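Here is the structure we will look at.
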Amino acid sequence: MLMEEKITMIRVLFVCTGNTCRSPMAEAVLKSKNIPGVEVRSAGVFAVNGSDASPNAKKVLEEQQISFIHQSSSLTEHLVEWATHILTMTSGHKANIVSLYPQAEKKTATLKEFAGRAGDVSDPYGGSLSVYQQTFEELQHTIEGILDKLR
């Protein structure tokens, strides 16, 4: 008789402001790693539901050959409950979430904090393609630093 291992699903929710730049890129990067047992979503603390990712975010992902279809989502209590890890782009986003959803405090961290680093992820909003490329590299590097924690 074979004993089956119980697989615990890890659910990562990336959060930024409008859910059109940083958190969708972070979601796409982590999804592209195809880690078994890890689900990924993104949302924004001030997002409008249904917006597309910013054109430069889409270009950067295309350049990296990461296919990704995105529609923005506003942060909801349902998403907060769904997530096992809520990873924000800034300490301000983290404070906003903990203020609105105190029950989420223990599972909420900035992405860099979760990776054992200091600082916030730079916001490329309104910037040139090269600014978005720099933010993508920052996200890619930081996400590489959390992969072991998610496996």
Side-chain angles (χ1 to χ4, degrees), residues 2-54 56-58 60-125 132 135-151:
L2 294 173
M3 295 194 70
E4 290 184 34
E5 271 186 58
K6 184 178 179 192
I7 297 176
T8 303
M9 187 62 68
I10 295 172
R11 295 183 177 114
V12 178
L13 179 64
F14 289 108
V15 179
C16 68
T17 305
N19 193 219
T20 59
C21 304
R22 291 173 288 182
S23 59
M25 286 195 294
E27 178 185 1
V29 168
L30 186 53
K31 278 185 174 177
S32 75
K33 305 294 182 191
N34 293 314
I35 303 169
V38 175
E39 289 182 33
V40 189
R41 292 185 186 173
S42 65
V45 291
F46 298 112
V48 175
N49 288 326
S51 295
D52 204 0
S54 71
N56 282 340
K58 293 194 306 191
V60 169
L61 292 171
E62 286 171 17
E63 287 175 354
Q64 298 296 320
Q65 300 177 339
I66 297 174
S67 62
F68 185 63
I69 297 169
H70 177 73
Q71 285 199 321
S72 63
S73 297
S74 184
L75 183 67
T76 63
E77 187 167 0
H78 175 74
L79 283 172
V80 168
E81 295 303 321
W82 170 86
T84 52
H85 299 290
I86 301 172
L87 303 179
T88 68
M89 299 298 121
T90 70
S91 56
H93 297 134
K94 177 183 171 182
N96 187 291
I97 292 168
V98 171
S99 171
L100 290 172
Y101 306 101
Q103 73 276 19
E105 184 172 14
K106 289 182 179 165
K107 63 180 177 180
T108 305
T110 70
L111 174 58
K112 288 192 173 180
E113 183 178 55
F114 193 71
R117 301 184 181 136
D120 292 338
V121 174
S122 59
D123 187 356
Y125 183 77
Y132 275 80
T135 299
F136 175 86
E137 293 298 324
E138 185 180 1
L139 287 167
Q140 175 97 330
H141 178 71
T142 307
I143 288 169
E144 286 293 327
I146 70 168
L147 293 180
D148 285 342
K149 286 185 175 185
L150 299 178
R151 289 192 170 108

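Since the model is a prediction, treat every value here as computed from it, not as a measurement. Only heavy atoms go into these numbers, but all of them, side chains included; no hydrogens, no water, no symmetry mates.
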(Q) Could you work out, with ring pair (Phe, Tyr, Trp, His ring centres under 6.0 Å) as the rule, every residue matching Phe68, not counting sequence neighbours? (A) His70

Q | For Phe114, all residues meeting ring pair (Phe, Tyr, Trp, His ring centres under 6.0 Å), sequence neighbours excluded | A |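 With sequence neighbours excluded, Phe114 shows a ring pair (Phe, Tyr, Trp, His ring centres under 6.0 Å) to His85, given in chain and number order.
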
Could you check whether any side-chain N or O of [X] sits under 3.5 Å from a backbone N or O of [Y], counting only pairs where one atom can act as donor and the other as acceptor?
| X | Y | value |
| --- | --- | --- |
| Ser72 | Val48 | yes |
| Thr142 | Glu138 | yes |
| Thr84 | Arg11 | yes |
| Lys107 | Val80 | yes |

Quick check: do [X] and [Y] have side-chain heavy atoms less than 4.5 Å from each other?
| X | Y | result |
| --- | --- | --- |
| Tyr101 | Thr108 | no |
| Thr135 | Arg22 | yes |
| Thr110 | Val121 | no |
| Val29 | Phe14 | no |
| Met25 | Gln64 | no |

(Q) Measuring from atom NZ of Lys33 to atom CD1 of Ile66, what distance do you get when rounded to the nearest 0.5 angstrom? (A)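 If I round to the nearest 0.5 Å, the distance is 7.0 Å.
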
Taking side chain to side chain donor-acceptor pair (under 3.5 Å) as the test, write out the residues that go with [X], two or more places apart.
| X | value |
| --- | --- |
| Thr17 | His93 |
| Ser74 | none |
| Lys149 | none |
| Gln71 | none |

Q: Give the C-alpha distance, both sets of side-chain angles, the deciding distance and a yes or no for side chain to side chain contact (heavy atoms under 4.5 Å, CB included) between Leu61 and Lys58.
A: CA-CA 5 Å; Leu61 292 171; Lys58 293 194 306 191; 5.8 Å; no

Q: Can you establish whether the number of heavy atoms outside Glu63 located under 6.0 Å from its atom CD is more than 12?
A: yes

Q: Sort out for me which residue in Asp120, Ile97, Leu13, Asn96 forms a side chain to side chain contact (heavy atoms under 4.5 Å, CB included) with Thr88.
A: Ile97

